[in-house]
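Quick notes on the structure that follows.
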Protein chains: 4
Amino acid sequence: MKILVTGFDPFGGDTTNPAIEAVKRLPDEIKGATIIKLEIPTVFFKSAEVVKDAMKKEEPDYILNIGQAGGRFGLTPERVAINQDDARIPDNEGNQPIDTPIQPDGESAYFSQLPIKAMVDAMKNAGVPASISNTAGTFVCNHIMYQTLYLTHTEFPNAKAGFMHIPFLTDQVIDRPETASMSLDDLVKGITAAIEAIVEFDGKEDVKVVGGATH
Amino acid sequence: MKILVTGFDPFGGDTTNPAIEAVKRLPDEIKGATIIKLEIPTVFFKSAEVVKDAMKKEEPDYILNIGQAGGRFGLTPERVAINQDDARIPDNEGNQPIDTPIQPDGESAYFSQLPIKAMVDAMKNAGVPASISNTAGTFVCNHIMYQTLYLTHTEFPNAKAGFMHIPFLTDQVIDRPETASMSLDDLVKGITAAIEAIVEFDGKEDVKVVGGATH
Amino acid sequence: MKILVTGFDPFGGDTTNPAIEAVKRLPDEIKGATIIKLEIPTVFFKSAEVVKDAMKKEEPDYILNIGQAGGRFGLTPERVAINQDDARIPDNEGNQPIDTPIQPDGESAYFSQLPIKAMVDAMKNAGVPASISNTAGTFVCNHIMYQTLYLTHTEFPNAKAGFMHIPFLTDQVIDRPETASMSLDDLVKGITAAIEAIVEFDGKEDVKVVGGATH
Amino acid sequence: MKILVTGFDPFGGDTTNPAIEAVKRLPDEIKGATIIKLEIPTVFFKSAEVVKDAMKKEEPDYILNIGQAGGRFGLTPERVAINQDDARIPDNEGNQPIDTPIQPDGESAYFSQLPIKAMVDAMKNAGVPASISNTAGTFVCNHIMYQTLYLTHTEFPNAKAGFMHIPFLTDQVIDRPETASMSLDDLVKGITAAIEAIVEFDGKEDVKVVGGATH
């Protein structure tokens with residue numbers, strides 16, 4: 001099995017992005033699956049081209065995109081990506097789309113194809129805080145999740161995809177009062193546990209456990 | 001113009017629900033539009049039947065569903081409803097669906113048909129904290145938003161629908177430490193301003209202003 | 001009985017201060033006690049002179065100073081004032097003392113002379129969120145609480161004093177995302193209930209109920 | 001130079017306490033100072049006896065007490081301890097004092113004798129979130145800080161003392177949603193940096209930098 005794991009480069013004034021820092025430190029093999037690591041630009045559409053090229057070249061069975069969600073307290077597999085860009089800040093090339101669809105012929109949303117509840121369980125069992133998130137926002141993170149799922153629904157029917165947000169690194173919050181963070185070691189441990197769940201649940205249904213949100 | 005405004009009954013241990021309390025206190029007419037007020041049960045599917053019956057009977061031009069989002073700091077028009085029920089707690093009749101689609105033949109998600117950014121602007125101009133939300137959760141609030149939009153996309157093409165979450169009432173947080181709340185007066189003022197925006201933007205595009213979220 | 005209630009003027013970029021807005025709207029008599037209302041400047045030492053002049057002139061039995069604690073979720077009677085100024089921002093006349101004692105011959109701290117737990121109970125019974133706070137900070141709020149208690153311990157032995165912080169007004173948080181607030185009506189209702197408790201507990205011990213903090 | 005560093009045992013339902021876990025992992029020498037490590041019970045008064053015995057036996061130049069402040073985002077040297085016990089929960093032997101003085105003949109409060117602003121600077125420079133706290137609460141943490149400072153002000157005039165709160169460990173928040181935490185490595189790194197500042201500022205004034213709180 002081959003798993004493509006992507007991480008964004010820094011954006012929004014930060015000089016590091018925990019996503020790519022953690023992805024770079026993943027082992028090359030997890031539970032027998034080969035891990036392909038890829039840095040992608042925090043840029044609308046261009047990020048999707050980079051992912052698509054890697055999907056063509058590597059033919060992965062799974063794609064797990066990782067992105068920073070500054071302020072969150074744990075690792076959060078995303079449930080769904082929506083067909084809309086609405087940028088609160090410009091991306092790394094200055095694009096700031098407002099309320100525009102990503103793919104005019106795409107579905108209004110795509111649900112994650114990864115076993116998100118099993119991933120949460122695995123991360124918590126590994127000692128790392130985790131929970132389901134029901135919104136990936138409307139910036140480049142939602143964009144790449146949507147685009148990658150659009151690709152698995154249109155051009156790459158043998159691949160499955162999904163996205164996970166991760167918190168700030170500890171040293172990113174030195175001057176951000178009252179902001180949660182996590183150590184790089186714990187981020188790597190959590191992502192590794194999540195990937196183990198992906199491998200383990202290959203071909204199976206996700207676990208049916210409580211994990212919703214009242215709002 | 002006729003606007004159907006619904007509010008849920010209390011759930012999850014609370015004896016009041018700010019949604020129906022605020023809806024009951026709305027004026028009967030806002031900017032010339034007739035306001036029809038309707039209490040609906042916090043129950044999967046049954047809530048949708050009650051709304052559908054009212055849509056048949058009243059033939060409203062707009063439907064605005066209101067629900068409680070305990071812990072939020074302001075009024076939050078929802079951007080999107082997803083085709084999935086995943087209940088963290090049982091509803092008022094004991095149903096607790098986990099990861100099930102709402103309408104097998106429905107779209108994966110429906111975007112609000114209301115001018116959500118104009119609604120946010122109007123509420124803030126009225127002195128009431130407001131912002132766009134990108135998730136209505138996976139409980140009965142998302143359910144009714146999805147169901148109502150499913151109805152406007154299938155059986156009631158002349159109607160438009162959308163959902164807004166509102167915070168706890170002040171007296172609901174007496175024994176909930178560090179939890180935000182709002183007075184009933186401000187809730188009514190905010191919802192009224194939001195409805196004014198709906199009337200004013202009837203037949204027009206929503207304003208194009210920044211209002212997205214990075215995650 | 002005579003109660004002097006003071007409220008600060010706006011500071012730190014805000015154009016209103018909920019403290020003086022709420023104080024101005026208090027009734028002139030509460031449970032038979034005469035309420036004297038006084039606006040004081042958000043300025044180190046000058047604020048204390050204004051309070052001292054009023055104490056001389058009015059000879060109040062109690063002094064309740066009110067100040068804004070932006071971000072807090074409820075009304076919080078302060079337990080203690082410490083003999084130290086440490087300003088994070090300049091006061092309204094540009095003073096920014098750092099780690100300096102307020103009164104070289106004063107005690108290291110003074111505890112509130114008001115029945116703070118009875119005040120919390122009274123406010124909660126009135127439907128307004130409230131709790132004890134164990135720090136009034138190190139800015140002008142702590143300063144005036146310390147100074148007023150220094151005066152009751154030195155020059156005005158027949159008077160008793162204490163301080164209460166109150167949250168932002170709702171319209172102060174329009175552009176402060178994820179920040180708690182309260183309506184002016186609820187602030188007035190809460191302060192009134194707290195003063196009722198002061199009157200009722202005159203000459204009595206405060207109630208012995210749980211209200212501490214582990215940190 | 002000799003520095004006694006104490007950490008509390010677990011309390012309040014937790015099976016670990018980051019305080020003693022981190023203290024145990026400190027090096028035996030920091031910047032030439034000998035580090036004496038001591039576990040103390042989360043029990044009013046008994047904890048103080050254990051500290052006093054160690055002060056007699058070890059004759060430390062400094063005492064740094066460490067305690068858990070669940071929910072805080074960084075390491076927080078405390079500015080002041082107050083002469084009051086007010087337990088929200090029982091201690092580990094079932095004591096739950098409410099609003100009682102700790103030492104009838106003690107001062108109303110004692111300020112930390114440690115260079116708390118230099119400690120904050122050192123921790124931030126080491127990449128660990130830190131800030132001054134103006135309240136140690138009213139439970140055993142404030143108690144031990146007060147008691148140790150009472151001892152340095154009465155029986156041990158050659159010693160200086162102070163307290164620092166630290167956040168939950170990462171694996172303590174697995175089932176505590178939306179709660180900040182820190183890795184054990186970062187806690188140890190932060191405490192070590194703080195102790196380096198204590199050694200470096202021995203005999204000197206603390207740095208005069210902004211670090212106060214408006215409330």
Side-chain angles (χ1 to χ4, degrees), chain A residues 11-12 42 67-72 76 78-91 96-101 106-112 115-117 131-143 149 153 163 165-167 205-215, chain B residues 11-12 42 67-72 76 78-91 96-101 106-112 115-117 131-143 149 153 163 165-167 205-215:
Chain A
F11 69 95
T42 302
Q68 165 188 300
R72 290 204 187 158
T76 48
E78 295 292 345
R79 185 188 295 268
V80 65
I82 60 174
N83 191 6
Q84 194 155 40
D85 287 334
D86 189 16
R88 191 176 59 75
I89 55 173
D91 70 15
Q96 190 170 12
I98 292 188
D99 294 338
T100 54
E107 293 187 26
S108 54
Y110 292 110
F111 288 96
S112 178
I116 56 174
K117 290 195 172 170
S131 60
I132 303 295
S133 166
N134 297 308
T135 176
T138 55
F139 193 53
V140 185
C141 286
N142 173 74
H143 181 94
L149 284 161
H153 282 80
F163 187 94
H165 265 122
I166 63 175
E205 288 259 305
D206 193 3
V207 287
K208 283 270 177 189
V209 293
V210 170
T214 50
H215 58 265
Chain B
F11 69 94
T42 303
Q68 165 189 299
R72 290 204 186 156
T76 48
E78 295 291 346
R79 186 189 295 268
V80 66
I82 60 174
N83 191 5
Q84 194 155 42
D85 286 336
D86 188 16
R88 190 176 60 75
I89 55 173
D91 70 16
Q96 190 170 11
I98 292 187
D99 294 339
T100 54
E107 293 186 26
S108 54
Y110 291 110
F111 289 96
S112 179
I116 55 175
K117 290 195 172 170
S131 61
I132 302 295
S133 166
N134 297 308
T135 175
T138 56
F139 193 54
V140 185
C141 287
N142 172 74
H143 181 93
L149 284 162
H153 280 81
F163 188 95
H165 265 122
I166 64 176
E205 289 259 305
D206 193 3
V207 287
K208 285 270 178 190
V209 293
V210 170
T214 50
H215 59 267

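Every chain is numbered from 1 and lettered A, B, ... according to where its sequence line falls, protein lines coming before strand lines.
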Legend entry - Side chain, backbone, both or neither of A:Ile89 within contact of chain B (heavy atoms, under 4.5 Å): side chain
Legend entry - Salt bridge A:Lys117-B:Asp86, side-chain N to carboxylate O under 4.0 Å: yes
Inset, instruction - Examine whether an atom of A:Ala136 lies under 4.5 Å from a heavy atom of chain B, and if so say whether it belongs to the side chain, the backbone or both; otherwise answer neither. - result: backbone
Legend entry - Largest heavy-atom contact set with chain B, pairs under 4.5 Å, which of A:Gly12, A:Ala87, A:Ala109, A:Gly211: A:Ala109
Inset, instruction - Kindly compute the distance separating NE2 (A:His143) from CD (A:Gln84), expressed to the nearest 0.5 Å. - result: 13.0 Å
Legend entry - chain B contact via A:Val80 - which portion, at a heavy-atom distance below 4.5 Å: side chain
Inset, instruction - Would you mind telling me which of B:Cys141, B:Gly71, B:Gly70 has the largest number of heavy-atom pairs within less than 4.5 Å of chain A? - result: B:Gly70
Inset, instruction - Count the heavy-atom pairs under 4.5 Å between each of B:Thr135, B:Asp206, B:Asn142, B:Val209 and chain A, then report the option with the highest count. - result: B:Thr135
Legend entry - Residues that A:Phe163 engages under ring pair (Phe, Tyr, Trp, His ring centres under 6.0 Å), provided they are two or more places apart: A:His165
Inset, instruction - Drop me the distance from B:Thr214's OG1 to A:Phe139's CZ, to the nearest 0.5 angstrom. - result: 7.0 Å
Inset, instruction - For A:Glu78 and A:Ser133, test the side chains for any donor-to-acceptor distance below 3.5 angstrom and give the result as yes or no. - result: yes
Inset, instruction - For the pair B:Asp99 and A:Arg79, find out whether any cationic side-chain nitrogen is under 4.0 Å from an anionic carboxylate oxygen. - result: yes
Inset, instruction - Name the member of A:Gln96, A:Gln68, A:Glu107, A:Arg72 that forms the most heavy-atom pairs with chain B at distances under 4.5 Å. - result: A:Arg72
